[in-house]
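Order of the sequence lines sets the chain letters (A, B, ...), proteins ahead of strands, with each chain counted from 1.
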Amino acid sequence: MDEMALTALELAKKIRKKEISVWEAVKAALINIEKREDILHGYITVDQEGAKKRAEIVQKRIDAKELLGVFAGVPVAVKDNICTKGILTTCSSKILENFIPTYSAEAILNLERAGAVLIGKTNMDEFAMGSTTETSYYGVTRNPWDIEHVPGGSSGGSCAAVAAEECSFALGSDTGGSIRQPSSFCGVTGLKPTYGTVSRYGLIAYASSLDQIGPIAKDVSDCAAILETIASYDPKDSTSVKRKYYNFTSALVEDVAGLRIGIPKDYFGEGLDLEVKRAIEHAVKVLEERGAFVEEFDLSFVEYAIPAYYIIASAEASSNLARFDGVKYGYRTKDDTRLHQMYKKTRSEGFGAEVKKRIMLGSFVLSSGYYDAYYLKALKTKTLIKKAFDRAFEKYDVIVAPVAPTTAPKLGESLCDPLKMYLGDIYTISANLAGLPGISVPCGVDKKGLPIGMQLIGNCFEEDKVIRAAYTWERSQEYKRCPIVKEETKLYC
Amino acid sequence: MKQYETVIGLEVHVELATKTKIFCSCSTAFGGAPNTHTCPVCTGMPGSLPVLNKKVVEYAMAVGLATNCKINQYCKFDRKNYFYPDNPQNYQISQLYLPICRDGKIEIETASGKKEIGIYEIHMEEDAGKLIHDEWDDCSLVDYNRSGVPLIEIVSKPDMCSAEEVIAYLNKLKRIIQYLGASDCKLQEGSMRADVNLSLRELGAKAYGTRTEMKNLNSFKAITRAIEGERARQIELLESGKQVVQETRRWDDNKEYSYTMRSKEDAQDYRYFPEPDLVPIVISDQWLQQIKEQQPELQDEKIVRYKKEYQIPEYDILILTSSKKMADLFEDTIALGKKPKEVSNWLMGEAMRLLKEEEKEADEISFSPIHLAKLIDLLEKGIINRTVAKEVFEVIFREDIDPEQYVEERGLKAVNDEGMIRKMIEEVIQTNHQSVVDYYAGKKKAMGFLVGQTMKAMKGKADPGMVNRILEEILNQ
């Protein structure tokens, strides 16, 4: 039996029915990790021993009928910017090379309550800054569909691990598209919830006002169930919202009759790869055939999203990352006899180039004399973008958009042209600025054999509509496993 | 020499009396072992998030209302970014753009009369940790117990022009805040800290001169000396044709001299921006109303009422109301049926004397009004005499004992037995024959001596009035 080919919900069901044990499930993931990690490098830490212990405990609790959670026994991987008690949490940075949190993020506690078994921490762009997982201090992650290509980022490790079946599902974080874009590049499904839905307590902040933790899995059903598990009102996070509903799986309905879908013309013009465009148009057509009402419209302010995003995110990051100074934890330079020298050297040696670039950018836009011209203006732009979406959602239930202009670029390509890399965030950034939920679902493969993703964006707190539309589309096609997995499976069979 | 006017504005930091810190549930208790009152939030660990302590907002509102401020019912926190090891996140959560209170004023009174001092704003913020420099090991250590202790900063307008006014302003603020129970406001212990902004301008000039900011002022005396010292320093500069440099100076009260901490050129750019981890604070009309209703009667209001209700001198009223503790004690004792004048006499006389003797502040009084009322009772009923009462009061003051029980146990009841007193007086007359002779010779002092001898013989328990009367009777027979 190929346990790892199953979705997380299917696997959980088998564990519940005692068809397989928790350890068998966890071991299957660990075996895949051992087979593929040398090439893919989706993980920074694989906690084999810890996973075994946790599997034993979960099994006992399942047997004692104490643990009835939907994900009891399912192996999960977590992005390395989410704190896990007793397990190294690096944010893919040298500056946290030795940081072992004494607490777990609220999302992790929620997963543990549901019985999921943490097996490791996944690679990412350093402090989630990047779109390729190439800025990690611990080396790049490769795309399991084609190892010459990037998995996307910043949650590239999580998405690659799910695609390569090195875990049943994973958690990522999304500040400007960091769940949706790598999900699209790796042919998996990733959901960024409405801002405030999943507690940020224990998520090491990149840009506090934009960050959200979300699920990455093989399909929409898993994503809905994972979100249902990790979402909670958390008094420890002041930006956490008490939602009217936390039941996301009830939206798993194969029916889009009467659903109003808006297609922002601004998203389908210049710069969008033709193959990507066609794949999405095809998917929209399928939804239309299933009874959805589809209409094109002008979203407006799209061209301002990227500058506004990079100003806000960098400004917050420059302050959020100030705490990494060598005083209390993490890396400290050897030359630490004088305070300011210690600060300078620790941070010069501890941070990578992309992080330094954004800290400098953020410090600049906040500095006196520039604050009004940049930061304040960016905040106003953010408000305008939110209003543009408010207007759109008066007419539409769901907005369909590309996730990225192209499929996954080759390794090394993006970092040579950083401006192009930043522009690649154009379709995902707005959902963060406006706090909206967005999902990326696979919608085909290009000529190079690389997956294409489609993005569905909903109004705040309307994940249900997004899930319903995505689920309906997903039911019209088969889940495509990535080639490495399929070939190996053939070999083993 | 030209005539100069001093222009002073104050920034006063007050540590609020909440049980827990401003953004986490760690204790604010003073004096714990280093880093024992800490958690991931107040040590700035990655992934931790601040959650605002509601009580801090309520104290800030109460102080704002008591100082006639406008309460911003929509206010926000901002981050002030700077690197220093006592600041675990390398930013301080404070308020810049939308502070909780704006535009207040309080009235002060000095020898030259009454004056209004404007309050520019009051904002909430977190305190930093404490650096300990270990000279022995040549290293610096950080204690984060104080990190995250809530503060309010009260920024005055530049409305003061002398040390006297500054002290009057600080005393007034201190009294208001103590009355509200928002802080104990102890300068020496750092729960109230004042930075003095001072500039000079020629008498009659409208424009302000260049100001300096002085820090490290730990007592009213230090503040007075620092203001006088800084005024003299600036006059000397101006008179010799030099300019005052805008800078922060540190006052050394031992050397009575201030020296430059940092000049304007080294001033840091704090890169303030709205704190994204906290949502804006929305104060509902209802909440504001609730705080208004909970405001205690403040000193100014008490003074007016006391004048109306109690026949006691104005000076006594000022002293009695100078601390809420004292005023409460006064009112509570009266409520137990005692005469205001009598209660006031005890507090103004004996209590103040003992406070001075023990170098304590009125807020440190700790005995109960019931015990004072009982003591007055014992005296009024003639169960003890005034001399004994004073002795018992001292014990009440120090140990808050029950005077009835104490008097009973120690046998301090006054002796009212005329026969016994008469017998004792006769004995005294026998043994002090010379005094009797003196008395008859017209030396009235001798009478006092004989009374004293009788009291001594009766261990102070006799009623001195009765002793006087009987003695006179016997001598004049």
Side-chain angles (χ1 to χ4, degrees), chain A residues 81-83 89 91 96 99 101-106 196 199-205 207-211 234-241 312 315-316 318-330 337 339-340 342-344 347 362-371 375-376 379, chain B residues 22-25 35 38-54 76-93 96-97 129 131 133 138-144 147 264 267-282:
Chain A
N81 59 350
I82 301 173
C83 288
T89 300
C91 283
L96 287 177
F99 177 61
T102 56
Y103 44 90
S104 282
E106 190 65 14
S199 168
R200 292 188 299 113
Y201 194 91
L203 169 66
I204 300 179
S208 313
S209 71
L210 308 170
D211 295 342
D234 181 7
K236 293 196 297 303
D237 173 4
S238 306
T239 61
S240 173
V241 178
I312 293 169
E316 290 181 13
S318 72
S319 175
N320 282 333
L321 271 58
R323 69 186 66 201
F324 307 112
D325 59 4
V327 172
K328 305 166 291 284
Y329 48 79
T337 48
L339 180 65
H340 283 271
M342 192 281 282
Y343 279 155
K344 268 187 212 165
R347 290 168 65 82
S363 302
F364 171 71
V365 298
L366 288 178
S367 53
S368 97
Y370 296 100
Y371 178 82
Y375 189 74
L376 215 56
L379 283 188
Chain B
I22 184 166
F23 299 124
C24 62
S25 52
N35 295 308
T38 57
C39 73
V41 177
C42 57
T43 52
M45 297 303 279
S48 66
L49 293 170
V51 177
L52 179 60
N53 181 342
K54 197 176 158 193
K76 282 181 179 176
F77 279 101
D78 300 293
R79 287 192 192 170
K80 178 181 182 178
N81 295 285
Y82 65 95
F83 278 80
Y84 206 63
D86 64 2
N87 174 6
Q89 312 147 111
N90 289 319
Y91 57 81
Q92 180 196 29
I93 304 178
L96 177 75
Y97 296 109
L131 281 183
H133 303 285
D138 191 24
C139 68
S140 295
L141 302 162
V142 202
D143 175 6
Y144 290 114
S147 164
K264 195 192 174 189
Q268 293 189 50
D269 182 350
Y270 290 121
R271 291 177 282 115
Y272 277 100
F273 75 106
E275 164 57 278
D277 285 333
L278 290 165
V279 289
I281 305 155
V282 180

Hey, is NZ on A:Lys344 packed in by over 12 heavy atoms from elsewhere, all under 6.0 Å?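 Count not over threshold, so no.
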Verify, without hydrogens or angle tests, whether B:Ser147 (side chain) and B:Cys42 (backbone) share a donor-acceptor contact under 3.5 angstrom.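 Confirmed, B:Ser147 side chain pairs with B:Cys42 backbone.
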Residue part contacting chain B, namely of [X], when any heavy atom lies under 4.5 Å:
X        : answer
A:Pro101 : neither
A:Ala315 : backbone
A:Ser363 : both

Rounded at 0.5 Å granularity, tell me how far OH in A:Tyr103 sits from OH in A:Tyr201.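 OH of A:Tyr201 is found 6.0 Å from OH of A:Tyr103.
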Tell me, side chain or backbone of [X] under 4.5 Å from chain A's heavy atoms, or both, or neither?
X        : value
B:Phe83  : both
B:Thr43  : backbone
B:Asp277 : both
B:Tyr84  : both
B:Tyr97  : side chain

So do [Y] and [X] actually touch side chain to side chain, heavy atoms under 4.5 Å?
X        : Y        : answer
A:Thr239 : B:Val279 : yes
B:Leu49  : A:Arg200 : yes
B:Pro85  : B:Leu131 : yes

Under 4.5 Å, counting heavy-atom pairs only, tell me which of [options] racks up the most with chain B.
options                               : value
A:Leu379, A:Leu203, A:Leu96, A:Val327 : A:Leu203
A:Leu376, A:Leu366, A:Leu339          : A:Leu366
A:Thr102, A:Leu210, A:Asn81, A:Asp325 : A:Asp325
A:Ser368, A:Ser318, A:Ser209          : A:Ser368

Hey, which of [options] has the most heavy atom pairs under 4.5 Å with chain A?
options                               : result
B:Gly44, B:Pro40, B:Pro46             : B:Pro46
B:Phe273, B:Tyr91, B:Tyr270           : B:Phe273
B:Ser140, B:Pro274, B:Cys139, B:Pro50 : B:Pro274

Identify the residue among B:Arg79, B:Lys80, B:Gln89, B:Glu275 that makes a side chain to side chain donor-acceptor pair (under 3.5 Å) with A:Ser319.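 That would be B:Arg79.
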Without hydrogens or angle criteria, can the side chains of B:Tyr82 and B:Arg271 be said to hold a donor-acceptor pair below 3.5 Å?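 Side-chain D/A pair, B:Tyr82 to B:Arg271: absent.
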Assess whether ring pair (Phe, Tyr, Trp, His ring centres under 6.0 Å) is satisfied between A:Phe364 and A:Tyr370, documenting all intermediate values. CA-CA 7 Å; A:Phe364 171 71; A:Tyr370 296 100; 4.6 Å; yes
What do you reckon, are the aromatic ring centroids of B:Phe77 and B:Phe23 less than 6.0 Å apart?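 Ring centres of B:Phe23 and B:Phe77 closer than 6.0 Å.
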